[in-house]
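Step one of this worksheet: look at the structure below.
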Amino acid sequence: MDNNQEKLRKKKRREISIADMVEGVKKGDRSILARAITLVESNANSHVEKAQEVINQLLPFTGNSVRIGITGVPGAGKSTFIEAFGTHLCNKGHKVAVIAVDPSSTVSRGSILGDKTRMDTLSRNERAYVRPSPSGGTLGGVNRKTRETILLCEAAGYDVILIETIGVGQSEVVVRSMVDFFLLLVLTGAGDELQGMKKGVMELVDTIVVHKADGDNKTKARIAQEEYNQMLHYINSNTPGWRVQAFTASSLYGEGIEHIYQVVNSFVTHTKTTGFFEQRRQLQLKEWMYSMIKDQLQVMFFSHTGVKKELPLIEEEIFDGKKLATCAVRDLFTIFEGEDK
């Protein structure tokens, strides 16, 4: 009986109406915000539908933030920087939400980075909200779930959203497509580091920060800063009229953090004055819609009964050299378009 009562109590706690969830988020209730984000992260059809209704009702209260993406090479100290920068923003009177886009465990499908542990001071700040956001192992998961989490945080009153990327591959391109300002953290030894850094990533960023510029490393950081600034002359800015520059910072001692804050403010002023801030937001919404169309088509294609039946056989024909991949795709789409799902 006690076990049944406990299960009933937990079930009631889990259940919350759409109206109550919407009002709770609008009031900045952190517990309800967390439950709304959990709803967004769920792949269950019933949860997806409920989440969409919640977000639709909250949509008029979104968009009033500055969205900042932060990426960096392994060991660059992204979490340390975010904690220092986020705390600085809170001290300036901002409400800060941190969304850490993590790789997912192939076993548990959950976040494996433990962001609240790594950002202990910031997570305890009453003006901050730190939320790991498991990707589910797919960029599509990052795209939809992170974007919708951003909207929920904005509706809850957070006016600065910091998005930490895992710093590898296409995730940086995805995060660039959902933020206003993109910051790259690097370490000293720029010459060696640049050899392995893709030019494409450099073209995505709005500023570069040579991190851990303290102690014996301070002089090296200044040299790295100069090397980056020389190189940036040859790279086109992702933002019209904005000159991408490299700066130094030490999160350990708080040095350079205020200057980075001023750089972000200058960027926002510049892009809003030129109209590019809103233009980029609109372009991002369009990109989001088209990426969702592609994701949905992919799900429909591979869940199609005829495609699922014929796909293994067609794969074997390709492996045996009996069929060209182009012809295989054509045949599969003929099945997809011609039969009932």
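Since the structure is predicted, the reported quantities are computational estimates derived from the model, not experimental observations. The figures here come from the full heavy-atom set of this structure, side chains too, leaving out hydrogens, waters and symmetry mates.
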### Task
For Ser42 and Leu39, indicate whether the former's side chain and the latter's backbone hold a donor-acceptor pair under 3.5 Å.
no

### Message
Could you check whether atom CG of Asp320 has more than 12 heavy atoms from other residues, nucleotides or ligands sitting under 6.0 Å from it?
### Response
yes

### Task
Spell out, as yes or no, whether a donor-acceptor pair under 3.5 Å connects the side chain of His94 to the backbone of Val160.
no

### Intermediate values then yes/no, side chain to side chain contact (heavy atoms under 4.5 Å, CB included), Leu311 and Phe302
CA-CA 9 Å; Leu311 187 57; Phe302 286 107; 4.0 Å; yes

### Message
For a quick check under 3.5 Å, do Ser177 and Gln284 share a side-chain donor-acceptor pair by atom type?
### Response
no

### Task
In plain terms, say whether Arg280 and Asp180 are close enough for a salt bridge, that is, a side-chain N and a carboxylate O under 4.0 Å apart.
no

### Query
Hey, does Tyr228 have a side-chain heavy atom less than 4.5 Å from the side chain of Val210?
yes

### Message
How close do Gly69 and Val175 get, counting heavy atoms only, and between which atoms?
### Response
CA-CG1, 4.2 Å

### Message
Contact between Met119 and Val98 at the side-chain level, heavy atoms closer than 4.5 Å - yes or no?
### Response
yes

### Name of the residue among Val96, Ile163, Val264 meeting side chain to side chain contact (heavy atoms under 4.5 Å, CB included) with Ile68
Val264

### Task
Report the C-alpha separation of Arg243 and Ser237 in whole Å, then their side-chain angles, then the decisive distance to 0.1 Å, and conclude whether the side-chain hydrogen bond (donor to acceptor under 3.5 Å, both in side chains) test is met.
CA-CA 7 Å; Arg243 180 188 170 197; Ser237 172; over 6 Å; no

### Query
What about Ile257 and Leu252, same hydrophobic cluster or not, with Ile/Leu/Val/Met/Phe/Trp/Tyr joined at side-chain heavy-atom distances under 4.5 Å?
no

### Message
Between Ile99 and Glu164, does the side chain to side chain contact (heavy atoms under 4.5 Å, CB included) criterion hold? Intermediate values first, please.
### Response
CA-CA 6 Å; Ile99 304 170; Glu164 176 190 5; over 6 Å; no

### Task
Report, as yes or no, whether the 6.0 Å neighbourhood of atom CD on Glu126 holds more than 12 heavy atoms from other residues, nucleotides or ligands.
no

### Message
Has Gln225 got a side-chain atom pairing as donor or acceptor with Ala246's backbone, closer than 3.5 angstrom?
### Response
yes

### Message
Using 0.5 Å steps for rounding, measure from the CD atom of Gln262 to the CZ atom of Phe247.
### Response
10.0 Å

### Message
I need the minimum non-hydrogen distance between Thr71 and Lys78, along with the two atoms involved.
### Response
C-CD, 3.6 Å

### Task
Quick one: pull up NE2 in His233 and CD in Gln245 and give me the separation to the nearest 0.5 Å.
8.5 Å

### Message
Using a strict threshold of under 4.0 Å (side-chain N to carboxylate O), is an ion pair present between Glu287 and Arg176?
### Response
no

#### Entry: Residue pair Leu122 / Val130, side-chain heavy-atom distance below 4.5 Å
yes

### Message
Show the nearest heavy-atom pair for residues Thr121 and Glu83, with the distance to one decimal.
### Response
N-OE2, 2.7 Å

#### Entry: Audit row: Glu154, Ser65, side-chain hydrogen bond (donor to acceptor under 3.5 Å, both in side chains) steps and yes/no
CA-CA 6 Å; Glu154 289 177 341; Ser65 77; 2.5 Å; yes

### Salt bridge flag under 4.0 Å for residues Lys27 and Asp20
no

### Where Gly77 and Leu185 come nearest, the two heavy atoms and their spacing
O-CD1, 3.9 Å

#### Entry: Point-to-point distance, once rounded to the nearest 0.5 Å, from CG of Asn238 to CG of Asp206
6.0 Å

### Task
Could you tell me whether a side-chain N or O of Arg281 sits under 3.5 Å from a main-chain N or O of Gly63, the two making a donor and an acceptor?
yes

#### Entry: Donor-acceptor contact present, side-chain His304 to main-chain Lys309, <3.5 Å
no

### Query
Does Phe182 offer a backbone N or O that forms a donor-acceptor pair with the side chain of Arg67 under 3.5 Å?
no

### Message
Looking at Arg131 and Glu41, is any side-chain nitrogen of the basic one under 4.0 Å from a carboxylate oxygen of the acidic one?
### Response
yes

### Query
Would you call the rings of His88 and Tyr261 parallel, tilted or perpendicular, where under 30° means parallel and over 60° means perpendicular?
perpendicular

### Message
For Tyr158 and Tyr129, take the angle between the two ring planes, folded into 0 to 90°, and tell me which bin it lands in: parallel under 30, tilted 30 to 60, perpendicular over 60.
### Response
tilted

### Message
Before you tell me yes or no, could you show the steps for Leu285 and Met289 under side chain to side chain contact (heavy atoms under 4.5 Å, CB included), namely the whole-Å CA-CA distance, both residues' side-chain angles and the distance that decides it to 0.1 Å?
### Response
CA-CA 6 Å; Leu285 288 173; Met289 182 184 74; over 6 Å; no

### Message
I'd like to check the side-chain contact (heavy atoms from CB on, under 4.5 Å) partners of Gln282; sequence neighbours left out, ordered by chain and number.
### Response
Glu278

### Task
Please work out which of the three classes, parallel, tilted or perpendicular, describes the rings of Phe333 and Phe336, given edges at 30° and 60°.
perpendicular

### Pairwise distance CD1(Ile55) to CZ(Arg147) - rounded to 0.5 angstrom
12.5 Å

### Query
Closest approach of Ser31 and Asp29, non-hydrogen atoms and distance?
N-OD1, 3.0 Å

### Query
salt bridge (charged side-chain N to carboxylate O under 4.0 Å, His left out) between Lys50 and Glu53: does it pass, once the steps are laid out?
CA-CA 5 Å; Lys50 184 176 180 180; Glu53 183 58 34; over 6 Å; no

### Task
Without swapping roles, check the side chain of Lys218 against the backbone of Lys212 for a donor-acceptor pair under 3.5 Å.
no

#### Entry: In one Ile/Leu/Val/Met/Phe/Trp/Tyr side-chain cluster, 4.5 Å: Tyr253, Ile82
no

#### Entry: Salt-bridge contact Glu316-Lys322 (side-chain N to carboxylate O under 4.0 Å)
no

### Task
Output the distance between atom CD1 (Ile335) and atom OG1 (Thr305), rounded to the nearest 0.5 Å.
11.5 Å

### Message
Whether the side chain of Asp214 engages the backbone of Ser250 through a donor-acceptor N/O pair (distance < 3.5 Å, no angle test) should be reported.
### Response
no

## Note on the structure
Between Gly86 and Leu162 the two heavy atoms that sit nearest each other are CA-CD1, 4.2 Å

### Message
Using modelled atom types and a 3.5 Å cut-off, is there a donor and acceptor pairing between side-chain atoms of Thr87 and backbone atoms of Ala84?
### Response
no

#### Entry: Distance, nearest 0.5 Å, that separates CD1 of Ile37 from CZ of Arg35
13.0 Å

### Query
So Val209 and Ile260, side chain to side chain contact (heavy atoms under 4.5 Å, CB included) or not? Walk me through it.
CA-CA 8 Å; Val209 175; Ile260 302 304; 3.6 Å; yes

